[in-house]
Every structure is written in structure tokens, then in C-alpha cells.
Amino acid sequence: MALARRDNSVPDVHAWASLPEQPILEVGVTVLAFLSATRLARWSGNNPFLNPTLIAIVLVVIALNVTGTSYATYLRGVGFIQFLLAPTVVLLAVPLYRQTPLIRASRGLIAAALLVGLPTGILSAVGIAWALGATKITLLSLAPKSVTTGVAVGISEAIGGVPALTAVLVISTGITGAIAGPAIQRWLRVDDDRITGLAIGIAGHGISTARALQISEVAGAFSGLGMSLNGVLTGVLLPLAMRGL
């Protein structure tokens with residue numbers, strides 16, 4: 001009996017011994033930072049300058065600096081959260097399904113938005129960077145900045161860019177779109193949520209789409225559609241264009 005009890009206690013000992021190796025701290029800090037950022041955004045009436053993603057990034061960076069945790073360690077710890085991103089993106093299909101009749105009736109508008117938005121997003125950023133004297137590898141890393149991170153990193157690697165730099169540029173683009181996009185739309189007196197959603201989604205991908213969902217379900221649906229179509233087309237056309245140069 002005593003031997004059996006000692007044997008049964010072995011797994012518990014191993015579990016306690018391995019506890020420090022579990023990503024509890026990294027996941028906890030990330031979740032707490034985002035919840036705090038979300039509460040702050042709601043408290044401010046969803047002020048675009050208090051974007052939850054931006055505030056959460058700042059809070060996590062502060063926590064990493066205070067605790068002396070390296071980014072590599074943090075990245076390993078939050079792998080589970082990264083895994084959850086895929087099913088989260090799939091949830092964008094819900095507003096798309098609800099707005100199916102309106103989307104079908106707006107095929108021309110969607111095609112026009114992609115025809116203008118896709119090349120403008122690439123050429124404007126690359127053109128400005130080139131005029132400022134950016135290196136070739138920087139230009140290649142910047143080209144897919146209007147596509148969601150997972151796709152943009154793959155495109156960057158395929159065309160000879162730096163995936164890590166591309167990821168930073170993509171996140172910066174999304175936050176900028178979420179903050180400035182709705183304000184620019186109001187300044188231009190655009191009151192059609194379809195146009196607002198398409199413009200925000202094509203220019204600012206997932207982070208801006210989250211902001212569009214706060215405007216209305218129509219804006220969120222068209223933003224998610226614009227983001228998805230822009231990602232697919234950029235993933236196909238940009239590498240082909242780079243090969244032709």
C-alpha cells in the first residue's frame with residue numbers, strides 16, 4: 001500500500017517540477033494586457049487613438065522589460081494564442097454570411113475597390129520608401145504590408161524580403177488604418193458602410209477589420225471580405241510581378 005502511494009505521487013511531483021516551464025506567465029500577461037486595453041477602449045467610448053491592439057502591445061513590451069523576459073522566450077510561451085488566431089479569423093464568416101444578399105448586389109463596387117486599392121496600397125508605400133532612399137530589401141519587405149500577417153510573411157519570404165520586418169510593417173499598417181481610417185472616411189463625408197469597410201479592410205487587414213466591426217456589421221463584413229480578397233490576390237500577383245522585374 002505504501003509503495004502504491006509513493007508510485008501514485010510520482011506524476012504529481014513531475015507536474016509541480018515542470019510548472020515553471022509552462023507558458024502561464026506569458027499567456028497570462030498577454031490576456032491581462034488585452035483585457036485591460038479593451039476596458040480602456042470601451043471606457044473612452046472606443047476612441048480610435050486608444051486602439052486595444054496598440055495599447056496591449058505597449059503593455060506587453062513594458063512587462064517584458066520589467067521582468068527581463070526576452071522576446072524569444074515570450075514568443076514560445078504564447079504559441080497557444082497564436083494557434084487560436086486561425087479559428088478566430090474563421091469567425092469573420094458570420095457577418096459575411098448575414099450580409100450575403102448585400103455583398104452579391106455590390107459585386108461591381110467590390111471589384112472597383114480591389115482594382116484601385118490593391119495596387120495603390122503597394123505602389124504608394126514602395127514609391128514613398130524608394131523616394132526616401134530605402135534599400136531594395138526594405139522595399140521588398142514593405143510591398144505586402146497591406147495583407148494580413150500570416151500571408152504577408154509568406155509573400156515577403158517568397159519575393160526576397162525580411163519576414164520579421166514585414167510583420168512589424170503589417171502590424172503598424174493595421175493599427176494606423178484602425179486609427180486613421182474612420183476619421184478619414186468622416187472627413188471625406190463617406191456615409192456608406194460598404195465603402196468604409198472595403199477601404200479599411202483592403203488597406204489595413206485584420207486589425208482594421210476589428211475596428212470596422214465596431215462601426216457596424218455591414219462595415220465589418222465588407223472589411224473582412226476586402227481583407228480576404230486582397231490577401232489572395234496579392235499572394236498570387238505580387239510574386240508574379242516580382243519575377244517579371
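Note that the coordinates shown come from a computational prediction; the quantities given were computed from them, not determined experimentally. By convention here, the first residue in the shown sequence is residue 1.
A single hydrophobic cluster is seen to contain both Ile110 and Leu102, as judged by linkage of ILVMFWY side chains at heavy-atom distances under 4.5 Å, directly or through other members. Leu118 and Leu169 are not part of a single hydrophobic cluster, where members link through side-chain heavy atoms under 4.5 Å apart. The hydrophobic clustering, which links ILVMFWY residues whose side-chain heavy atoms are closer than 4.5 Å, places Val190 and Leu225 together. Residues Val218 and Leu229 are members of one and the same hydrophobic cluster, defined by side-chain heavy-atom contacts under 4.5 angstrom among Ile, Leu, Val, Met, Phe, Trp and Tyr. With hydrophobic clusters built from ILVMFWY side chains whose heavy atoms lie under 4.5 angstrom apart, Leu50 does not share a cluster with Ile200.
Between Asn230 atom CG and Ile122 atom CD1 the span is 7.5 Å, to the nearest 0.5 Å. For the atom pair Tyr74 OH and Thr67 OG1, the distance stands at 11.0 Å (nearest 0.5 Å). Rounded to the nearest 0.5 angstrom, Thr196 OG1 and Leu188 CG are separated by 9.5 Å. Taking OG from Ser228 and CG from Leu96, the interatomic distance works out to 6.5 Å, rounded to the nearest 0.5 Å. Distance check: Leu35 CG to Leu59 CG gives 11.0 Å after rounding to the nearest 0.5 Å. The CG atom of Leu140 sits 12.5 Å away from atom CD1 of Ile155, with the distance rounded to the nearest 0.5 Å.
Nearest heavy-atom pair, Gly226 versus Ile202, reported as atom, atom and distance to 0.1 Å: O-CG1, 3.8 Å. Nearest approach of Gly220 to Leu213, heavy atoms of both residues: CA-CD2, 3.5 Å. Nearest heavy-atom pair, Pro95 versus Glu217, reported as atom, atom and distance to 0.1 Å: CB-CG, 3.8 Å. Asp193 approaches Ile215 most closely through the heavy-atom pair OD1-CG2, 4.2 Å. The shortest non-hydrogen separation linking Thr173 to Ala203 is CG2-O, 3.3 Å. The shortest non-hydrogen separation linking Arg194 to Ser106 is NH1-OG, 2.8 Å.
Contact check for Ile57 versus Ile175: side-chain heavy atoms found under the 4.5 Å cut-off. Contact check for Val151 versus Thr234: no side-chain heavy atoms found under the 4.5 Å cut-off. Here the side chains of Phe222 and Ile195 are not in contact, with every heavy-atom distance at 4.5 Å or above. Taking 4.5 Å as the limit, every side-chain heavy atom of Leu165 sits out of range of all side-chain heavy atoms of Ile137. The shortest side-chain heavy-atom distance between Leu32 and Ser36 falls under the 4.5 Å cut-off.
Tested against Ile62 for a side chain to side chain contact (heavy atoms under 4.5 Å, CB included), the candidates Val60, Val58, Asn65 yield a single pass: Val58.
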Derivation and outcome, side-chain contact (heavy atoms from CB on, under 4.5 Å), residues Leu238 and Val147: CA-CA 11 Å; Leu238 185 57; Val147 183; over 6 Å; no
Verdict with reasoning, Thr209 to Thr148, per side-chain contact (heavy atoms from CB on, under 4.5 Å): CA-CA 10 Å; Thr209 297; Thr148 191; over 6 Å; no
Ile179 and Leu54: CA distance, side-chain angles, deciding distance, side-chain contact (heavy atoms from CB on, under 4.5 Å) verdict: CA-CA 10 Å; Ile179 293 174; Leu54 175 60; 4.2 Å; yes
Step-by-step side-chain contact (heavy atoms from CB on, under 4.5 Å) determination, Thr69 to Val29: CA-CA 12 Å; Thr69 304; Val29 167; over 6 Å; no
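For Thr166 (side chain) and Ala152 (main-chain N/O), no donor-acceptor pair under 3.5 Å exists by modelled atom type. For Ser216 (side chain) and Ala219 (main-chain N/O), a donor-acceptor pair under 3.5 Å exists by modelled atom type. Without hydrogens or angle criteria, Ser208 side chain to His205 main chain gives no donor-acceptor distance under 3.5 Å.
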